[in-house]
Structure formats: structure tokens, C-alpha cells
Chemist: 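One structure is given below, represented as C-alpha cells, and several questions about it will come after.
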Amino acid sequence: MDVIILLLVAFIIVFVFAYRNSSGESVYKYVSNHVGVLYDKYAPYSYKEIREKVKQLGQEYTKRQYTIQVTVFAVSSLVISYLYFYNLIISVIYMLISIIVIPYLTYLRCKRIYSEFIFEQIQIYTTNTIMEFATTQSFVKALEGVYESGVLEDPVRSDVKMMIDLAYENGTIEQSINYMNEKYDYFIVRNMHQLFLQITNEGAKNSADALENMSLDIDMLVENVYRDRLDRAQFHKKFLQFGIVLYLMIMLVQFLLGVESYITMLGTWYVQLLLHAVVIINTLFLLNGEKYYNENVGAE
């Protein structure tokens, strides 16, 4: 009965909190409009740009998915914290904190999707530039062929256009290459550009073998990247399961000590402090794991 009451309280508080502060807006709109501004200000690159690209890719969560996520986080944090402290006020505080974390997790997820998209575009850029160069024997003409083919999407497509403009403006490809290397710091980009710079400056006549080897290196790298993504996705599931089990270890402690003895121990301040430390440390452990999973996409 207590669990049912807690679930009902969690459901009510979540939606009252959301609608009370958003003047009728959905949970999704409230979170994205009010918290997204902060991420847009402090993100390494524009959170607004990332979010928009994720929407274009069709991988943005729907309102229903965000609502389910908020509900699951609220109910889970409320129940788990209640098992720790048997105090509804403390549980509600932890519940609200867990809801506040959701926009940060959304930011990490969008950043991962955007990073994976950029790497795929870089793969297309390098592969097609090599193919075009094999035909045109000119780096700038190869860039024009890739740009006009329509295989690229922004922002990479716009940056390729910038490379073309810089090449014609300066009469050399050095500044174009430096521009692209700074924007996309990938080994495959730098190595390919170095190869083309060497061919252009030294006038190498037989570059077919070097270009073929470069294409093979790119294919091998891409294969390793996608294999790494699959492995990390499987590890991520196990990591989350492990984190949840760590939270629920308190049930084992209560089983060994007895619920009444455990509740009696809660009357001492240092036990309360220790339990708060356990919850906070485990939460930070999970957040750091999520940050690592979403930021280190295994590009190279």
C-alpha cells in the first residue's frame, strides 16, 4: 500500500510541478525552453545547432517519450530514496533533483548523435574526395565534385564550400586545408590532406597506390568505429544495470539488519550523512559513465 501511495504522489507532483511553472506547456517544451538556454550558453558548440540537427535526423525524443522519461525518473528516485530514508520529504527532494538532471542527459544524448553524424559526414567527405581526385587529378576540382554531388549535409557541406572559396581566393590549398583541419580534428582528415598537399606541391605523377592505401585505411577505421559503438552500447546497458543494483543494495542491508533496526539507526545523524553520501556518489558514478558513453564516441 505504501508503494502505491508513493507512486501516486510521484505522478501528481511531477505533473503539478511541470504545468504550474509552464503555464500549460508540456513537460517537453518547459524543459527544452528553460534549461536549453543554459546549455546553449555553456556548451562547447551550440546546443541549439546540435538539437536542430538531431531533429532533422529524426532522432529527437517525442513529447510522449520525454513524459515517460520524466515519470520513470521521478518514480524511481522517489521509491529508491524512500527505501533509504523512509522520509517522504527527502524523497520528494531527490525526485525533483532527478528531474532536473534529465535536460543534462538529453544534452549528452544529442551531443553523441551529432558527433556520430559528423563522423559519418567526414567518412563520406574523405572517401568521395579520394574518388573524385582519382578522376580529376586536382584537389580543388575534387572538392567541387564532392560539393556538387549532394552527398554531404551541413555543416560539413558548407565547410567544403568554404575550402573551395579559400582555394580560389588564395591560389593555394594550404589555407583551405588548415581551415578544415581545425574544424574537424580527425586523423583521417589530416592524413588525407597531408597526402593531397604532398601530391600538389611535389607533383607526384603516380599517386594511385597512395590513394588506394588511404581508402583502405579509412575503410578499416570506419569498421573499427562501428564495432566499437556496438561494444560500447552493450557495455552501457550492463553499466546501467550495475548502477541500479548498487542503489538497491540498501534492501540487502535492511534484510540483514531487519527493517526495524535499520529505521532505528536512521535516527543518528552520521548514518543519515553516510546514506546521503552513498546516494550522491552512486549518482555521480552513473552520470560520469553517461558522460563518457555519450562524449567518447570512438571516432578515432
Side-chain angles (χ1 to χ4, degrees), residues 18 22 25-70 73 101-129 131-132 143-166 176 179-186 188-189 192 218 221-223 225-230 232-233 236 290-300:
S22 61
E25 291 180 324
S26 65
V27 178
Y28 162 71
K29 288 184 178 180
Y30 174 72
V31 171
S32 61
N33 289 342
H34 291 75
V35 184
V37 176
L38 295 178
Y39 292 138
D40 189 30
K41 181 178 180 180
Y42 295 106
Y45 39 73
S46 173
Y47 176 67
K48 183 178 180 180
E49 176 186 347
I50 296 173
R51 193 68 172 272
E52 186 62 32
K53 178 57 68 174
V54 172
K55 290 179 180 179
Q56 293 176 9
L57 295 173
Q59 299 192 50
E60 170 73 333
Y61 278 167
T62 63
K63 297 178 182 179
R64 180 175 179 272
Q65 288 174 314
Y66 274 114
T67 302
I68 292 175
Q69 186 182 34
V70 170
F73 270 62
V101 171
I102 290 177
Y104 175 67
L105 297 178
T106 301
Y107 164 71
L108 290 178
R109 176 180 173 274
C110 290
K111 187 176 180 181
R112 172 177 56 81
I113 294 173
Y114 185 83
S115 297
E116 293 174 349
F117 164 75
I118 290 296
F119 178 74
E120 291 171 357
Q121 287 291 295
I122 289 300
Q123 171 203 346
I124 296 173
Y125 161 69
T126 53
T127 301
N128 282 269
T129 301
M131 294 172 60
E132 289 286 341
L143 293 179
E144 290 179 335
V146 174
Y147 176 79
E148 294 172 358
S149 67
V151 296
L152 292 176
E153 298 182 32
D154 285 333
V156 178
R157 188 172 188 270
S158 297
D159 290 325
V160 170
K161 182 62 168 63
M162 177 62 71
M163 291 181 69
I164 298 171
D165 294 340
L166 288 173
S176 299
Y179 170 81
M180 201 66 170
N181 287 345
E182 291 178 1
K183 287 293 294 288
Y184 305 100
D185 190 14
Y186 295 92
I188 56 175
V189 173
M192 186 193 74
I218 294 174
L221 174 63
V222 170
E223 181 181 352
V225 166
Y226 285 113
R227 186 184 299 115
D228 176 71
R229 289 181 186 176
L230 293 175
R232 289 188 308 110
H236 181 241
E290 284 295 304
K291 185 173 184 292
Y292 176 83
Y293 169 71
N294 287 285
E295 287 190 342
N296 295 272
V297 298
E300 295 189 294

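All residue numbers in this chain count up from 1 along the given sequence.
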Chemist: Might you point out which heavy atoms bring Tyr293 and Arg232 nearest each other, and give the distance in Å?
Modeler: O-NH1, 2.9 Å
Chemist: Does Met162 form a side chain to side chain contact (heavy atoms under 4.5 Å, CB included) with Lys183? I'd like the steps, not just the answer.
Modeler: CA-CA 11 Å; Met162 177 62 71; Lys183 287 293 294 288; over 6 Å; no
Chemist: Which pair of non-hydrogen atoms, one from Val146 and one from Val151, has the smallest distance, and what is that distance?
Modeler: O-CG2, 4.1 Å
Chemist: Which pair of non-hydrogen atoms, one from Cys110 and one from Ile50, has the smallest distance, and what is that distance?
Modeler: O-CG2, 3.3 Å
Chemist: For residues 146-155, which residue pairs qualify under salt bridge (charged side-chain N to carboxylate O under 4.0 Å, His left out), counting only residues two or more places apart or in two chains?
Modeler: none
Chemist: State the CD-OG1 distance between Gln121 and Thr126, to the nearest 0.5 angstrom.
Modeler: 11.0 Å
Chemist: For Glu120 and Tyr226, what are the C-alpha separation, side-chain angles and deciding distance, and is it a side chain to side chain contact (heavy atoms under 4.5 Å, CB included)?
Modeler: CA-CA 10 Å; Glu120 291 171 357; Tyr226 285 113; 3.2 Å; yes
Chemist: Just jot down the salt bridge (charged side-chain N to carboxylate O under 4.0 Å, His left out) partners of Glu182, sequence neighbours excluded, or say none.
Modeler: none
Chemist: Is any side-chain heavy atom of Tyr107 less than 4.5 Å from a side-chain heavy atom of Asn294?
Modeler: no
Chemist: Considering only heavy atoms from C-beta outward, does the side chain of Val54 approach that of Lys111 to under 4.5 Å?
Modeler: no
Chemist: Working to the nearest 0.5 Å, report the span between CE of Met192 and OG1 of Thr129.
Modeler: 4.5 Å
Chemist: Is the shortest side-chain N to carboxylate O distance from Glu49 to Lys53 below 4.0 Å?
Modeler: no
Chemist: Check Val222, Ile118, Leu221 against Gln123 for a side-chain contact (heavy atoms from CB on, under 4.5 Å) and give me the one that passes.
Modeler: Val222
Chemist: Please list, chain by chain and in numerical order, all residues satisfying salt bridge (charged side-chain N to carboxylate O under 4.0 Å, His left out) with Glu144, sequence neighbours excluded.
Modeler: Lys141
Chemist: Rounded to the nearest 0.5 Å, what separation is found between the CG atom of Asp159 and the OH atom of Tyr179?
Modeler: 3.5 Å
Chemist: What's the spacing between Leu105 CG and Phe73 CZ if we round to 0.5 Å?
Modeler: 5.0 Å
Chemist: Parallel under 30°, tilted from 30 to 60°, perpendicular over 60°: which one fits the rings of Tyr184 and Tyr186?
Modeler: parallel
Chemist: Ring of Tyr61, cation from Arg109 - is the NZ or CZ under 6.0 Å from the centre and inside 45° of the axis?
Modeler: yes
Chemist: Run Glu52 and Leu57 through side chain to side chain contact (heavy atoms under 4.5 Å, CB included) and show every step you take.
Modeler: CA-CA 9 Å; Glu52 186 62 32; Leu57 295 173; over 6 Å; no
Chemist: Of the options Lys55, Gln65, Arg51, which is the one that meets Glu60 in a side-chain hydrogen bond (donor to acceptor under 3.5 Å, both in side chains)?
Modeler: Arg51
Chemist: What are the two closest non-hydrogen atoms of Arg157 and Tyr147, and how far apart are they?
Modeler: NH2-O, 3.3 Å
Chemist: Would you compute the distance between atom CG of Leu143 and atom OG of Ser176 and round it to the nearest 0.5 angstrom?
Modeler: 7.5 Å
Chemist: About how many Å separate CD of Glu290 and CZ of Arg112, when rounded to the nearest 0.5 Å?
Modeler: 9.0 Å
